[in-house]
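Reviewing the structure listed below.
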Amino acid sequence: MYCLHMSDLDLTGKRVMMREDLNVPVDGGRVTSDARIRAAVPSIREALAQGAAGVLLLSHLGRPKEGKFEEEHSLAPVAVRLSELLGQPVRLVRDWLDGVQVGAGEVVLCENVRFNPGENANDEALSRRMALLCDVFVMDAFGTAHRAQASTEGVARFAPEACAGPLLVREVMTLRDALEEPKRPMLAIVGGSKVSTKLAVLESLLQKCDELIVGGGIANTFIAATGHNVGKSLFEPDLVPEARRLIRLAHERGGNIPIPKDLLVAKSFTADAPATVRRLDEVRDDEMILDIGPLTAADYADIIWGAGTVIWNGPVGVFEFPAFIHGTQAVAEAIANAKCFSIAGGGDTLAAIDQFGVAEGIDYVSTGGGAFLEYVEGKTLPAVKVLEERAKSG
Ligand code: 3PG
Ligand code: MG
């Protein structure tokens, strides 16, 4: 990353505004997975340790309608969890655009940036207003670095100084190294519901990886592409030709996209639906595929054990339902126990890592979902690009 890093700057006495990605799942007013908050804590501490006069934190939560406050999208639960993790009070400020008094050593969280009209459209006037509130803008939200919005990109143009925060730097460097000089064989595991939303990333991963495992609804489209019945399963008939092309592409490059040997199916998409094991060629018309079967789980674990590098994004089954956790659990445990260098990212993936208690075994857990995939795809992240442009222009 050819841009200023926070560690290059003298923050003594400066008003620091830091963009984090504290977009975490909230249920009943409580944060249910605090991985992103935990990841931001060291950066906030570092800014204070570098002498910042105080830290004004920015984040979004969910996708609220701009222009008005909504309890449902308030960062209040995040402020509570963050203050527990930081070990100091974190004040949440609802109306902050006209300025906030931040005491020495204080951390203040500004209410959801996406309540402000113009945030999503990267409005210049809004970006300039934010820039007035600080001496240094620190972009640290890797998870939102693929969005060119006022609090990620716009403000970085107009702040007196702008730099990359420690988390953003670590995320980008780790991914860059892993993708540029991977230990081989390199395996990618990509789950999710639709091939259409992940076509570009699948294609670019095929150029880099030796093997690609697909999971979830994506796998169903590949199963259909190899001529098997998927019953009532979620799949995309329109993308069957694309799936066939990707399978051919993998073969041409000496790689492979394995098709499951067996599957877990159910007659309905419900949490208490009982699971039945089916061989690949035995799925019935009234059944839907909700997980891989035990033989396939063992096959995938074998592939993982043989890999030098594993990139994991997305579960292989509907692990929210107790009867269909096994495939994702087997994959998670194999990744955690294997010798490979492992990188995981994405909201569902982080939830699975938490649920199966395998975080310790994963070498790098990215806070990015969409940003992680866009980086892997080789796209430039606009919030990084603006920092690099500023560094170039001096
Ligand atoms: C994410 O959860 O992927 C990031 O926080 C970005 O959120 P967004 O997709 O709503 O921009
Ligand atoms: Mg998202």
Side-chain angles (χ1 to χ4, degrees), residues 18-27 31-41 43-44 57-67 70 72-75 77-79 81-82 109-123 126-127 130 138-156 164-165 167-168 170-172 175 190-194 196-198 200-201 216 311-315 320 343-354 364-377 379-386:
M18 195 178 246
R19 175 61 157 99
E20 292 291 349
D21 186 334
L22 307 175
N23 180 32
V24 292
V26 170
D27 190 21
V31 171
T32 53
S33 168
D34 64 2
R36 280 178 164 169
I37 308 177
R38 277 186 276 124
V41 164
S43 301
I44 300 167
L57 283 178
L58 304 182
S59 178
H60 72 288
L61 186 110
R63 294 176 179 173
K65 242 210 179 106
E66 287 182 0
E70 277 173 352
E72 186 200 341
H73 290 107
S74 169
L75 283 168
V78 171
R81 187 67 192 123
L82 179 60
L109 179 60
C110 299
E111 188 54 282
N112 197 339
V113 290
R114 288 188 181 168
F115 291 151
N116 297 326
E119 168 63 22
N120 292 298
N122 199 9
D123 180 69
L126 176 64
S127 306
M130 290 185 195
V138 181
M139 174 57 190
D140 201 37
F142 175 71
T144 329
H146 61 316
R147 303 281 181 229
Q149 297 175 343
S151 69
T152 60
E153 206 264 2
V155 62
L167 175 63
L168 177 66
R170 197 170 68 239
E171 292 265 16
V172 171
L175 290 177
V190 180
S193 51
K194 288 184 176 165
S196 47
T197 57
K198 292 200 176 163
V201 76
I311 297 184
W312 179 29
N313 172 272
E320 300 89 324
I343 305 180
D348 288 338
T349 313
L350 298 196
I353 289 169
D354 271 354
Y364 192 74
V365 179
S366 174
T367 55
F372 174 82
L373 288 177
E374 291 202 10
Y375 189 87
V376 168
E377 243 172 75
K379 286 194 185 161
T380 26
L381 303 173
V384 172
K385 191 166 162 232
V386 64

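Note that ligands are numbered from 1 as they come in the structure, with each ligand's atoms numbered from 1 the same way. Residue numbers run from 1 in the order of the sequence given.
With ligand atoms numbered from 1 in the order given, ligand 1 contributes 4 (C), 5 (O) to contacts under 4.0 Å with heavy atoms of D21. Each of the atoms 1 (C), 2 (O), 4 (C), 5 (O), 7 (O) of ligand 1 lies under 4.0 Å from some heavy atom of N23. Which parts of ligand 1 touch R63 is read off a 4.0 Å heavy-atom cut-off, strictly below it: atoms 8 (P), 9 (O), 10 (O). Taking every heavy atom of R147 and a limit of under 4.0 angstrom, the matching atoms of ligand 1 come to 8 (P), 9 (O), 11 (O). The R114 neighbourhood of ligand 1 comprises atoms 8 (P), 10 (O), 11 (O), with distances under 4.0 Å to a heavy atom of that residue. The contact set between ligand 1 and G143, taken as ligand atoms under 4.0 Å from a residue heavy atom, comprises 4 (C), 6 (C).
Residues satisfying the ring pair (Phe, Tyr, Trp, His ring centres under 6.0 Å) test with F115, not counting sequence neighbours, are F69. Under the rule for a salt bridge (Lys or Arg N to Asp or Glu O under 4.0 Å), the partners of K385 that lie at least two apart in sequence or sit in another chain are E389.
Between the N23 side chain and the G62 main chain, a donor and an acceptor come within less than 3.5 Å of each other. Side chain of E111 to main chain of L75: a donor-acceptor pair is present (N/O by atom type, distance under 3.5 Å, no hydrogens or angles). Between the side chain of T32 and the backbone N or O of P25 there is at least one donor-acceptor pair closer than 3.5 Å.
Residue contacts with ligand 1, taken as heavy atom pairs separated by less than 4.0 Å, do not involve Q149 at all.
Remark: of the listed residues D140, L381, T367, D21, D140 is the sole one forming a side-chain contact (heavy atoms from CB on, under 4.5 Å) with L168.
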